[in-house]
Structure formats: structure tokens, C-alpha cells
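A note on names: the letters A, B, ... follow the listed sequences, proteins ahead of strands, and every chain is numbered from 1.
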2 protein chains.
Amino acid sequence: MVPLTAREHAALDRLEERERPLRRGGALVREKDIGGEMFVLREGTMMSSVLLDDGSRQILRFLFPGDLLGMSSLAYGEAPETLTALTDCMVAPFDRAAIANVVAEHPRLAALIMVYNQIERAALTDRLAALGRTSAKARVASILLEMRNRQRMVDPQLGSSFALRLTQEEIGDATGLTAVHVNRMLRQLEEEGLIAREAGRMTFINERGLAREANYIDRYVGLDLSWLPPAQ
Amino acid sequence: MVPLTAREHAALDRLEERERPLRRGGALVREKDIGGEMFVLREGTMMSSVLLDDGSRQILRFLFPGDLLGMSSLAYGEAPETLTALTDCMVAPFDRAAIANVVAEHPRLAALIMVYNQIERAALTDRLAALGRTSAKARVASILLEMRNRQRMVDPQLGSSFALRLTQEEIGDATGLTAVHVNRMLRQLEEEGLIAREAGRMTFINERGLAREANYIDRYVGLDLSWLPPAQ
DNA sequence: CGCATACTTGAGAGACGTCAAGCCGAGTGG
DNA sequence: CCACTCGGCTTGACGTCTCTCAAGTATGCG
């Protein structure tokens, strides 16, 4: 999005110099963990979630390569959310001192982290509005669009057919529904000719109609970075 | 929270040098507004909300003195949310160049803005989990606790009795409920001896029980700022 | 081949929404 | 001072969306 200087590139490379693999299903951070480590997701798909004390789970966000994980450590000693791998992943851990260094030495990178925070915030508020004010069908449709669009940022030639890689229970935990009802909503979307499914593969038959159903907004377009401070 | 240097104080004062009053009910920013102004809320209570295209509204967050408003301008050219005054307010506008200057000149203040973003993020994810996975009664209870705790940060001697200053419709728009159902939930909380109400005044009779009902977490405690870079 | 995990479908229940009516207090204008 | 309106609160009856429970069907894996 923004051409970086050699010094900025070097600073980012230092954040990512260590690598750590993570198995599908593995937890990178659990709620209330202490340690304050943060990560760059390099490969794979993850999710962040919270557990309520009746045992139910709310998935907050799906994470894709390039995302920053665990930034809540900047404010809290205990992790407020769990980070789990949906597929085999590679992450690059770094600590808060590394962020302190970036902020002190690379103001433009610090500003880009703030931009990242705002994009994530907008995505969270979109889901908040979806949970509060839209129907089950709309919420499921919006998860489908979100997963495809975010996968497409990693693989730009991804078309209208893709591997969702979520169980119906995970879709339910993201949308505030039960797995049973997610199933019914998927079938309805299928019967209405909006999507098709075969063996975990999802195909958008009528993407326009799906987006209309879902009220979906892509928060990775419409960015305006003209204000960034000069590189240093 | 953190003792600031004279230079840092001066930089913050520069952000707040202009002041602008706002009447109860007035809109400071509307969705899709262009302009990218941001604000510090100095006095009063505000809310941020989005409108869905069926006309329903979701309130995302309530805002209190000291809060930063409209930071989404850091990422977007168009405002993604509306900012409305719940009471008469005073705000201090600043522009993105001011943020660029803070980031370039005052790394520790930049880091504090990141901390602020993470606190806000945690509050949003709490509400997300509440909407997705808790009952109507729990959501209403959690709004009551949130409003009291945040008012108490402005006025530390505020006790268990306070002016809520929200209509039942506003509570509904924040919790994803109808005003009618909010009314029923308030009455239930009252009948269970958790709260009392008289003429817009709310009193917590059994705060412990209310917090248990609500699953409420105060996101302004448990902060860990030990990592901040040195002042410059 | 047996087991676990995920998906599918039906029937019935419950939480929350919709519609409608009435009430109350604060302005406001005659 | 009194009608009048208006926004907000309250309550009942009824409808519907989503959940729960339960059973059955793939699919993959040791």
C-alpha cells in the first residue's frame, strides 16, 4: 500500500526474524495467559475467540496472513482472548519491547499500526451491528463473503469458488447462532440460488444477491493514508 | 496513569487548543461524512452508532470525557460511524496532521494512543460476545454496569446511584433489543431486587448479583503499561 | 470395520419481536 | 391556569425466529 524505506523494511524483518509453526487446532494464546507476546501471522488461518462462563464461545475475528495477533498485550497483562489455528500456521513472535522500538524509531510504521487497528475496529463494529440488528441468514451470508474476500487478499486470483474451511459450529460461534440453525440458513441460501456447496467447497452463484442479503462492507477498500508522517 | 513530561503535556494541549460546543442530540459526524476530523471529548456524554439500511440502528459505544472520537479517520476517507451527543458536550477538534506530528515527535504518546485503541477494542469485543451469546437480561444488566463504571471514572465519588441518561430505546439499540423488551428486562431486574429506579435515576441494590447476571468485565482495570518507550 | 466428527432434518419449546393501547410528565400556547 | 401535544414509559396479546432435543446420515481415519 505504501512504499517503505530500507530502514523500515529492516525494522519489520526484525519483528519477523523468529518463526514458529502451529498445528491445526492448536492454541497460540489462551484467555488469561500472561506473557504479553505478540505475533505476525505469516501463513495459515486462525481465529480469536472468547469463552463465556456458561461454556459458550464467541468467535471475534478470523485472522489471515499479514495480520497482527495479540496486540491486546499492549494494554493488558492478561490476554483477553484466545488465539487458535484453523489450519496449520506459521507465526512470527515478537515482544512489547520490539513495538516500543518501532514506535520510537519508525513513526511511519507506528502510524501504519494505528491504521491497522482502525481497520480491525471497523470490521469488529460491522460484526457487532450484524449480531445486534440483522437476521440469521444475513449473518451467515456475511461470514461467507468475509472469508472469501479475506482469502482473496492472500490469493488475488481466487474467484467465486473457494474452500471455506470452517465447520458449521464455527460459523455459528462467529455469528451468535447454533450449528443447527447455521445449517438451515446455508440450505436456504442454497435453495435461493445464492450459493452452491460440495464437500466443503463453497461457490457463490449470485454474489450480488448474497451481498445484498448480508449488508456486507469490505473494510479493506476506501483507505486513505495520505496523512502518514514522513519516513525516518 | 503515566506521568507526562512538559513537552508531552504541551503536545496534548495543542491537540485540544480549539473548543467546540455541541447540543444534546446534535450530530458531530455522520456516516459517510468526508473531512477526517477527530476530536477529544472534554465534557458530556456521546455515542457512536451505525444505521442499517432497513433503518435500524446499532449503538457501538458510549463516549465519556477523555475519549478520542472519530479515530477511524486514520484509516478511512469516509466516516464509518455517526457520533451523536447524548448530553450537551464540549469537544476539541484536531486533524490528521496533528496525529502525524504526535507520532513523529512523541513516541510515548503514540504508544498511549495504541493502548487506548486496545482498551476500546476489548470493550467492543465484550459487547460482541454479549450480543452473540448472552440473554437479553444479561445484556441490559451489562449496559447498566458499563454506564455507571464509566461515569465513575469522571466522578470518582459516584456511588451505586446515578442518572443513566439513556432512553430505553437507546439501551435497546446498544444491546440489539427492542425498547419494549428492554422495559421488560428492567422490570425483571427490579423485581429480582438487583436495581431500583425512580425518575430516570438508577440505583444498584445488589451490584454483585448484577455483575454475575451480566458477565461484566471492567476493561479499565488490569492495565499493564510497563513496556512504553521512553519520553522524548 | 468401528469409531469420531461433522452434517442433516424434524418436532416442539422458548425467547424476543410486533402491534396496540393507555399512562405520565414536561413543555407550550391560548 | 388550563388544554394540548409529544416523547418516553408500561403492559398485554399474539406471532415468529431461533434454540433444544433427538435421531439419522455421510465422511474420514485408525
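- Between A:Arg150 and A:Asp67 there is a salt bridge, since a side-chain N of the basic residue sits under 4.0 Å from a carboxylate O of the acidic one.
- The residue among B:His181 and A:Glu169 whose nearest nucleotide of DNA chain C is located toward the 5' end is A:Glu169.
- Rounded to whole Å, atom C1' of C:dG14 lies 13 Å from atom CD of B:Gln188.
- The distance from atom CZ of B:Phe64 to atom CE of B:Met153, rounded to the nearest 0.5 Å, is 10.5 Å.
- Residues A:Asp173 and B:Arg133 are paired through a salt bridge, judged by an N-O separation under 4.0 Å between the basic side chain and the carboxylate.
- The CZ-P distance, from A:Arg133 to D:dC17, rounds to 16 Å in whole Å.
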* Can you check salt bridge (Lys or Arg N to Asp or Glu O under 4.0 Å) on B:Arg165 and B:Glu170, steps first, answer last? -> CA-CA 10 Å; B:Arg165 284 205 218 81; B:Glu170 285 161 348; over 6 Å; no
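- Spacing between atom CZ of A:Arg24 and atom P of D:dG28 amounts to 13 Å, rounded to whole angstrom units.
- Put simply, CG on A:Asp173 is 17 Å from P on D:dT18, counting in whole angstrom units.
- Residue A:Thr178 has no polar side-chain atom (N or O) positioned under 4.0 Å from OP1 or OP2 of D:dT18.
- Within 4.0 Å (heavy atoms only), A:Gly172 reaches no atom of the nucleic acid at all.
- Rounding to whole angstrom units, CE of residue B:Met202 and P of D:dC9 are separated by 10 Å.
- Every ring pair (Phe, Tyr, Trp, His ring centres under 6.0 Å) that A:Phe162 has, sequence neighbours left out, goes to A:Phe204.
- Atom CG of A:Leu166 and atom P of C:dT5 are 19 Å apart (whole Å).
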Which atom pairs link the protein and nucleotides 8-12 of chain C when you take only N or O atoms and keep those under 3.5 Å?
from	atom 1	to	atom 2	distance (Å)
C:dT8	OP2	A:Gln168	NE2	2.6
C:dT8	OP2	A:Asn183	ND2	2.5
C:dT8	OP2	A:Arg197	NH1	3.2
C:dT8	O5'	A:Asn183	ND2	3.1
C:dT9	OP2	A:Arg187	NE	2.9
C:dG10	N7	A:Arg184	NH1	3.3
C:dA11	N6	A:Arg184	NH2	3.4

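- Rounded to whole Å, the distance from CD on A:Glu190 to P on C:dC7 is 13 Å.
- Taking 4.5 Å as the limit, every side-chain heavy atom of B:Asp126 sits out of range of all side-chain heavy atoms of A:Val50.
- For A:Glu191 and A:Arg184, the salt-bridge test fails: no basic side-chain N is under 4.0 Å from an acidic carboxylate O.
- When rounded to the nearest whole Å, the span between NZ of B:Lys137 and C1' of C:dG17 equals 18 Å.
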